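Written below as structure tokens is the structure these notes are about.
Computed from a predicted model, the values in this text were never measured in an experiment. Each chain gets a letter, A, B and so on, in the order the sequences are listed, and its residues count up from 1.
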Amino acid sequence: MMREEDVIVGATAVLTRNYADLPFDAVSNAETAGRVISRTAGVLHGNGFTLHLLREMTADNGRALAEKGQIPAEMAGAAKNPAVLLPLEGNASVALGGSEHVFIMARRHGSALPEAVADCLAVEDQLSRRVSFAFDGQMGYLQASAEMLGTGLRAALVVHVPLLVRANRLPEALRALEEMGLRGRFCGMMGKRPRGDLLAVENRCAIGRTEQEICQLIQRGAEKVLCMEAGMRQQAAEANSLRLTDRLCRAQGLTRSARLISEIEFWCIWSDLRLGAQMELLPLTVGQVDALLPEMMDAHLRNYAEEPLAGEAMDECRCNRLRELLYDIPMENGAL
Amino acid sequence: MSEHENVQGLCEDCGKNDAVCTMAVMMGTKTIHRKLCQACMAKTSMALAAGNLGQVLGSILAAAQGAAQPAAAPDALRPQPAPKPQAAPALPTVEGEPESCPGCGLPYAQLRQHGRAGCARCWTAFRRTVEKGLASYAPAVQHTGRRPVDSEEARRDRAVREMLQRRLEEAIAREDYESAAQLRDAMREIDRQEGAK
């Protein structure tokens with residue numbers, strides 16, 4: 001039996017705000033970014049948050065923040081003077097100096113989208129008591145991007161849909177989402193396949209609905225996609241159960257015996273392990289498989305190894321770290 | 001001979017990559033169109049440049065006669081290429097809009113092309129454009145979500161803090177760190193009082 005919370009990998013919410021008297025060029029203008037940092041950190045730093053300037057971090061530490069969803073991915077590379085306010089407790093981080101002035105970002109496990117949005121709104125409350133953000137009665141919170149006008153909320157439920165991908169049913173799922181006023185976005189691409197067979201179901205625009213209505217709509221969209229995936233899983237289990245089990249067991253075999261695993265291969269294995277755990281075909285739990293993210297991502301691996309890994313050294317480290325996390329085998333002991 | 005446009009589907013030569021352009025060849029009175037990926041288009045161009053017309057025409061004729069391999073039926077256990085994600089919509093053109101934003105000088109054409117504003121005033125200056133653009137996919141072009149905290153007391157507190165913040169930024173800009181420290185302390189005191197409420 002497919003449980004919704006096992007197929008929904010996580011919930012993400014991003015709330016953007018801008019200062020009315022500053023231009024929307026913080027990503028390319030270090031002075032504007034400095035003002036944004038000064039104003040925002042003036043309220044939050046020391047009040048449950050600590051300020052970190054990305055220029056004072058190693059590049060890998062900056063990328064690791066993006067891998068954890070604490071800053072937008074583009075901010076780790078493109079912004080001139082980015083910074084982040086990390087929470088001492090709680091879920092929401094505040095990224096500054098990107099394409100919008102203030103990104104309040106929260107991530108929750110499973111289908112807890114309203115909670116992730118509430119995390120962001122609580123930080124916004126804390127800020128808006130001290131500073132004013134650009135606001136217009138009709139257009140709502142004013143943003144650099146037209147798509148974010150209104151609530152400034154981009155919320156998403158990330159769903160794992162391996163059989164929809166393999167059966168080429170994603171176009172159908174994307175069309176169904178579009179008809180509901182939603183959008184399906186892949187969480188990166190690996191060649192021609194969505195990374196990890198993950199699909200983010202998110203709102204297409206931020207105006208015309210309340211924050212609560214946006215959450216409800218996304219939940220309905222995710223349910224629709226899950227129904228399609230559930231149908232495919234049942235079909236695959238009935239028609240090809242031996243082939244399916246064989247493929248999933250092979251994926252687990254690789255985690256035990258392989259010596260080199262590339263990033264592309266890792267995502268394929270991860271997706272198979274998750275499917276196997278969820279369908280109870282492998283002796284793993286969904287929690288164990290999910291715990292591999294973001295630990296197995298490049299910046300996390302380089303930080304863990306404390307070496308500037310690349311090429312085969314990175315593939316070897318990925319392999320050993322995978323065994324360490326899944327089977328508690330120390331990295332130096334190698335394959336089973 | 002080749003047209004770069006919004007081509008969809010797989011390359012008709014290799015059958016693996018996404019097609020990015022269409023090649024049109026006149027054969028007598030008939031025009032044959034072939035959708036090709038970048039690699040196959042380059043291969044065809046190289047073959048033509050090398051004078052190997054036979055190879056190119058051979059594949060075109062094969063396609064025209066329907067000799068191409070039929071696509072395999074989708075297999076639930078074999079990875080299939082994912083569809084491309086949709087591009088962000090550009091904003092439409094509306095007659096009578098100003099040429100540029102009076103606040104930041106952002107040209108109207110740039111706003112339409114990227115759907116991004118240069119400052120908060122852009123959206124007031126080009127309101128009709130953004131209304132028309134959002135109306136194509138938003139349920140309503142009217143904000144219905146939460147609004148800024150708007151009590152008299154909150155407005156007053158924010159106004160005082162923002163005035164101090166502006167003066168602090170000016171002091172830092174002219175490297176008057178003594179004044180900046182005093183202003184920062186004043187702001188902290190306001191925050192402390194606010195926290196105690």
Side-chain angles (χ1 to χ4, degrees), chain A residues 18 20 23-25 35 38-39 42-43 47 99 121 125 128-147 149-151 153 163 165-168 170-171 174 181 183-186 189 192-194 204-205 207-211 232 235-236 239-240 243-244 247, chain B residues 16-18 74-83 85-86 88-89 91 103-104 111 114-124 127 130-131 133-134 137-149 154-155 157-159 161-162 165-166 168-169 172-173 184 187-188 190-191 194-195:
Chain A
N18 289 278
F24 295 164
D25 62 352
R35 288 181 163 216
S38 161
R39 288 181 190 190
V43 178
N47 289 320
S99 52
L121 293 176
D125 275 343
S128 63
R129 281 199 292 268
R130 309 283 205 281
V131 293
S132 326
F133 293 117
F135 183 82
D136 175 88
Q138 182 194 359
M139 298 293 175
Y141 287 97
L142 300 176
Q143 316 283 341
S145 161
E147 287 191 337
L149 285 166
T151 58
L153 175 67
L163 293 196
V165 172
R166 282 172 178 80
N168 206 16
L170 271 184
L174 294 179
R183 176 162 57 195
R185 183 176 53 79
F186 306 126
M189 294 296 284
K192 295 202 150 200
R193 189 173 163 185
R204 194 169 169 209
C205 63
I207 200 165
R209 290 187 183 94
T210 65
E211 292 80 359
M232 296 306 301
Q235 214 175 311
N240 286 311
R243 264 177 81 188
L244 180 64
R247 205 192 69 217
Chain B
K16 291 177 190 164
N17 302 327
D18 284 341
D75 176 347
L77 295 180
R78 207 181 61 188
Q80 302 289 324
Q86 304 141 343
L91 293 169
C104 64
L111 176 112
H114 302 294
R116 295 186 66 83
C119 70
R121 283 184 69 187
C122 287
W123 297 127
T124 348
R127 189 181 290 271
V130 71
E131 276 176 354
L134 289 174
Y137 58 92
V141 190
Q142 175 60 54
H143 175 63
T144 53
R146 62 156 44 197
R147 290 168 168 267
V149 182
R155 270 206 302 268
D157 285 353
R158 277 203 304 262
R161 203 178 189 287
E162 279 162 9
Q165 176 71 45
R166 270 195 296 277
L168 173 68
E169 285 167 8
I172 291 170
R184 190 197 56 212
M187 286 167 70
R188 281 189 181 159
I190 292 174
D191 288 346
E194 176 71 22

Looking at [options], which makes the most heavy-atom pairs under 4.5 Å with chain A?
options: B:Cys104, B:Gly118, B:Ala173; value: B:Gly118
options: B:Met187, B:Glu131, B:Arg127; value: B:Arg127
options: B:Glu162, B:Arg121, B:Arg166; value: B:Glu162
options: B:Val130, B:Val141, B:Leu111; value: B:Val141

Name the option with the most non-hydrogen atom pairs under 4.5 Å to chain B; the candidates are [options].
options: A:Ser99, A:Ala146, A:Gly42; answer: A:Ala146
options: A:Ala134, A:Ser128, A:Ser132; answer: A:Ser132
options: A:Gly181, A:Gly137, A:Ala20, A:Pro23; answer: A:Gly137

A:Ser38 and B:Glu169: side-chain donor and acceptor closer than 3.5 Å? no

Any heavy-atom pair between the side chains of [Y] and [X] that's under 4.5 Å?
X: A:Val165; Y: A:Phe186; value: no
X: A:Leu142; Y: A:Leu149; value: yes
X: A:Asp125; Y: B:Arg146; value: yes
X: B:Arg116; Y: A:Ser145; value: yes

Just how far is it from atom CZ of A:Arg130 to atom CZ of A:Arg39, taken to the nearest 0.5 Å? 16.0 Å

Inter-residue atom distance A:Thr151.OG1 - B:Arg147.CZ, 0.5 Å rounding: 12.5 Å

What part of B:Gln142 gets within 4.5 angstrom of chain A, counting heavy atoms only: side chain, backbone, both, or neither? both

Contact origin within B:Arg184 toward chain A - heavy atom pairs under 4.5 Å: neither

Between A:Gln143 and chain B, which part of the residue has a heavy atom less than 4.5 Å away: side chain, backbone, both or neither? backbone

